[in-house]
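One structure is given here, and the rest of the page talks about it.
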Amino acid sequence: KGINHENKTIATTALSSRYVKPTHLDDALNSEDSELRFDAAAHEKITKSQLHHALTDDDVDVRLSAINNERIKPEHIDRALKDGNPIIRSNAAKHFNITSEQLHTALSDTDETVKQKAVTNIKITPEHIDRVLKGNFTIRAQKDAVRHFNANKGNYNTALESQHPEVRQ
C-alpha cells in the first residue's frame with residue numbers, strides 16, 4: 001500500500017523512499033491528507049505537471065511547499081504570481097528562477113510584501129531598480145533598490161533626485 005496506507009507514518013515514510021516514482025507522487029498529491037500532499041510538493045522527484053497540480057491545491061501550505069521546490073521553473077512562477085494568497089506570490093517573487101518579465105509583474109503587485117521580495121531578488125536589473133525609484137514604492141523598497149548590488153550609476157543619480165532624504169543617502 002505504501003503511500004496509500006491508512007497509517008500516516010507509513011505513508012510519509014513510503015514517500016521518502018528513494019524508489020518513489022511519479023505515480024506514487026500522483027497518489028500523494030491526490031490524497032486527502034494535506035501533510036502528504038505537502039511532502040509530495042517538496043519532493044525532489046516531482047515532475048513539472050505535478051508541480052502545476054500542487055500549485056492549484058486548496059491548501060496554502062501545499063502551494064507554499066511547491067513554490068519553494070528547487071525544481072520550480074518560470075512557468076510555475078507565472079501560476080504562483082497569479083495566486084490569490086500574497087504569501088505564495090511573495091515566495092514566487094523571491095524565487096531564483098524568476099524571469100525579468102515576472103519581476104515586472106511582481107513589482108506591479110498590490111501587496112507591498114510581494115513588491116519588496118521582488119526588489120531584493122538577486123535577478124533584479126537596473127531597469128527594475130529605476131522603475132522602483134521612479135514609481136510609487138515604499139521608502140524601504142526604494143532604499144533597498146538603490147543599495148542592491150545590481151544598481152548602477154544611473155540608478156544612483158535617480159536616487160539623488162528622490163523627494164525622500166532616506167533614499168538620497
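Hydrogens, waters and symmetry mates play no part in the numbers below; they use all other heavy atoms, side chains included.
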Next on the checklist: My understanding is that only residues two or more places apart in sequence, or in another chain, count here; which of them pass side-chain contact (heavy atoms from CB on, under 4.5 Å) with T105?
Outcome noted: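 Expected list: L81.
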
Validation row: [X], [Y] side chains within 4.5 angstrom (heavy atoms):
X	Y	answer
E75	H52	yes
H104	E127	yes
I88	N85	yes
P22	K45	no
D109	R89	yes

In R79, R37, R63, the residue satisfying salt bridge (Lys or Arg N to Asp or Glu O under 4.0 Å) with D57 is R37

Residues at least two apart in sequence or cross-chain that pass side chain to side chain donor-acceptor pair (under 3.5 Å) with T47, listed by chain then number, are S49, Q50

Work out which heavy atom in [X] is nearest to a heavy atom in [Y]; give both atom names and the distance.
X	Y	answer
V62	A41	O-CB, 3.7 Å
A145	V132	CB-CG1, 3.8 Å
S90	V114	N-CG2, 3.6 Å
A66	L51	O-CD2, 3.8 Å
V167	Q142	CG2-OE1, 3.5 Å

| message | Would H53 and N30 count as a side-chain contact (heavy atoms from CB on, under 4.5 Å) here? Give the steps. | response | CA-CA 9 Å; H53 179 75; N30 291 314; 3.3 Å; yes

So, is the end of the K123 side chain (NZ or CZ) under 6.0 Å from the ring centre of F96 and within 45° of the ring's axis?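 No cation-pi geometry.
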
Taking it one step at a time, do H148 and V119 satisfy side-chain contact (heavy atoms from CB on, under 4.5 Å)?
-> CA-CA 8 Å; H148 197 283; V119 167; 5.9 Å; no

| query | Is I46 reachable from I77 through a run of I, L, V, M, F, W or Y residues, each pair having side-chain heavy atoms under 4.5 Å apart? | reply | yes

### Task
Verify the cluster assignment for I67 and I87: are they in a single hydrophobic cluster under the rule of side-chain heavy atoms below 4.5 Å apart?
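They do share one cluster, since a chain of ILVMFWY contacts under 4.5 Å joins I67 to I87.
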
The side chain to side chain contact (heavy atoms under 4.5 Å, CB included) partner of L133 among N155, L160, N157 is N155

Got a donor-acceptor contact below 3.5 angstrom from the [X] side chain to the [Y] backbone?
X	Y	result
N68	A42	no
D130	P126	no
T120	Q116	yes
N69	E44	no
N150	I124	yes
S65	D61	no

Does atom [atom1] of [X] have more than 12 heavy-atom neighbours from other groups under 6.0 Å away?
X	atom1	answer
R140	CZ	no
E70	CD	no
K115	NZ	yes

Checking side-chain polar atoms at under 3.5 Å, does [X] have a donor or acceptor matched by the opposite partner on [Y]?
X	Y	answer
S108	R131	yes
T99	Q102	yes
N97	H76	no

Evaluate D83 against L55 for side-chain contact (heavy atoms from CB on, under 4.5 Å), listing each step before the verdict. CA-CA 9 Å; D83 196 284; L55 286 167; over 6 Å; no

Query - Separation of K143 NZ from I139 CD1 (nearest 0.5 Å) - result: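 If we round to the nearest 0.5 Å, I139:CD1 and K143:NZ are 8.0 Å apart.
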
In this structure, CG of L103 is separated from NZ of K117 (nearest 0.5 Å) by 13.5 Å

Open item on the list: Pair D59, F38 - check side-chain contact (heavy atoms from CB on, under 4.5 Å), show working.
Closed with: CA-CA 9 Å; D59 189 301; F38 177 93; over 6 Å; no

